[in-house]
Amino acid sequence: MDPIIATGLINIGSNIVNKAFSKSAELNPSPAVNFKDDLDKFTHKPTASLKDLNQIREDILSFPEVQNFISKNEGNVISIDKMSDGSMRFLSSNGDFMTLPSNHPSSAFTVNFLDSSLASGKNLNAQRPNSVILIG
């Protein structure tokens, strides 16, 4: 083998090993986190008043998909809970349910209603933790 090619191959291999194990390959440190401030942000969410909750409920009930679901489940208790993917599930006391994706137009209203109800202790569903009653 030609000594020039052999030297070039050795240099390439050496460069690859040096870059793979160099100190610059270390992860960037995470930014400083203030646990107390972050905890306050998550635990002290502003809650809607009872009047605001009733208005938000009316806004949710104005969406055609929600109206259709409620008309199919008249006389039943309708609860709302949030799924792990951010979608919202409307659950009837007869077992029927409807899931709306997180990008649905009603999501902002529904999340606000759920979070405010849970934070204020209003509209809670005693049979389902982290679920609130929309109708019933």
Donor-acceptor list for residues 125-134 side chains, cut-off 3.5 Å, not counting sequence neighbours:
residue : atom : partner : partner atom : Å
Asn125  : OD1  : Gln127  : N            : 3.0
Asn125  : ND2  : Ser79   : OG           : 2.6
Arg128  : NH2  : Asp81   : OD2          : 3.0
Ser131  : OG   : Ile80   : O            : 3.2

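- The salt bridge (Lys or Arg N to Asp or Glu O under 4.0 Å) pairs that include a residue from residues 8-18 number zero, where partners must be two or more places apart or lie in different chains.
- Interatomic distance, Ser107 OG to Phe63 CZ, rounded to the nearest 0.5 Å: 8.5 Å.
- Scanning for side chain to side chain contact (heavy atoms under 4.5 Å, CB included) contacts around Thr99 gives Ser87, Arg89, Phe97, with sequence neighbours left out.
- Residue pairs meeting the salt bridge (Lys or Arg N to Asp or Glu O under 4.0 Å) criterion with at least one partner in residues 67-78, sequence neighbours excluded, are absent.
- Atom CG of Asn112 and atom OG of Ser117 lie 8.5 Å apart (nearest 0.5 Å).
- One finds the CZ atom of Phe69 at 9.5 Å from the CD1 atom of Ile135 (value rounded to the nearest 0.5 Å).
- Atom CG of residue Leu114 and atom CG of residue Leu118 lie 4.5 Å apart, to the nearest 0.5 angstrom.
- Scored by the side chain to side chain contact (heavy atoms under 4.5 Å, CB included) test, Ser62 finds no partners at all (sequence neighbours excluded).
- Take Asn94 and apply the side chain to side chain donor-acceptor pair (under 3.5 Å) test, not counting sequence neighbours, and it matches Asn73, Ser92.
- If you check the side chains of Gln55 and Asp59, you find a donor sitting under 3.5 Å from an acceptor.
- Follow the hydrophobic side-chain contacts under 4.5 Å out from Ile70 and you reach Met88 in the same cluster.
- A single hydrophobic cluster is seen to contain both Val111 and Met98, as judged by linkage of ILVMFWY side chains at heavy-atom distances under 4.5 Å, directly or through other members.
- The two residues Phe113 and Ile60 come nearest to each other via the heavy atoms CB-CD1, 3.7 Å.
- Looking at every heavy atom in both residues, Leu53 comes nearest to Lys122 through CD1-CD, 4.1 Å.
- Here Asn15 pairs with nothing under the side chain to side chain contact (heavy atoms under 4.5 Å, CB included) rule; sequence neighbours left out.
- Thr110 meets the side chain to side chain donor-acceptor pair (under 3.5 Å) test with no other residue; sequence neighbours excluded.
- Side-chain heavy atoms closer than 4.5 Å link hydrophobic residues (I, L, V, M, F, W, Y) into clusters, and following such links, possibly through other members, connects Ile56 to Val66.
- Every side chain to side chain donor-acceptor pair (under 3.5 Å) that Glu65 has, sequence neighbours left out, goes to His104.
- Between Arg57 and Asn123 there is a side-chain heavy-atom pair separated by less than 4.5 Å.
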